[in-house]
Amino acid sequence: MAFVGESWVEIRDGEGNVQFSATVPAGSTRSFEVRPPLDVVVGNAQGVRITYNDKPFDVAAHATRNIARFRLE
C-alpha cells in the first residue's frame, strides 16, 4: 500500500481477526504478508494505491463516499 493522502486502513483475516488498523500519513508505504482472504476497509480511498499479488488493485472501484470496502482472495 502506498499512501498519497492520509488514510485509515483496517485489514481483517479470514477469521475476522484484525491484522492491521491505523491511520497512516501521506507519503508512507505499508507491506503485509497475511494469508487471504482479507477483508479491507480504507478511509480516504482516493489517497491509497494498492498492489496485490504484483498487480495494481483499483481501490476506487470499491469506494462509496471515499470509503472502500472489499475482500482480497
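As the structure is a computational prediction, the values presented were derived from the model and not from experiment.
- What you find for S7 and V48 is that their closest heavy atoms are OG-CG2, 3.2 Å.
- In this structure a side-chain-to-backbone donor-acceptor pair under 3.5 Å is present from N66 to Q46.
- In this structure, the side chain of D13 engages the main chain of E15 through a donor-acceptor pair within 3.5 Å.
- Within a 6.0 Å sphere centred on CD of E73, other residues, nucleotides and ligands contribute more than 12 heavy atoms.
- Counting only heavy atoms from C-beta outward, the side chains of R30 and F20 approach each other to under 4.5 Å.
- The shortest side-chain heavy-atom distance between V40 and M1 falls under the 4.5 Å cut-off.
- Between E6 and T23 there is a side-chain heavy-atom pair separated by less than 4.5 Å.
- Using cut-offs of 30° and 60° on the angle between ring planes, the pair H62 and F70 is tilted.
- Here the closest non-hydrogen pair linking A45 and V59 is CB-CG1, 3.7 Å.
- E10 is linked by a salt bridge (charged side-chain N to carboxylate O under 4.0 Å, His left out) to R12, counting only residues two or more places apart in sequence or in another chain.
- Closest approach of P25 to F3, counting heavy atoms only: O-CB, 3.7 Å.
- A single hydrophobic cluster is not seen to contain both V34 and V41; linkage of ILVMFWY side chains at heavy-atom distances under 4.5 Å, directly or through other members, places them apart.
- The shortest distance between side-chain heavy atoms of W8 and I67 does not fall below 4.5 Å.
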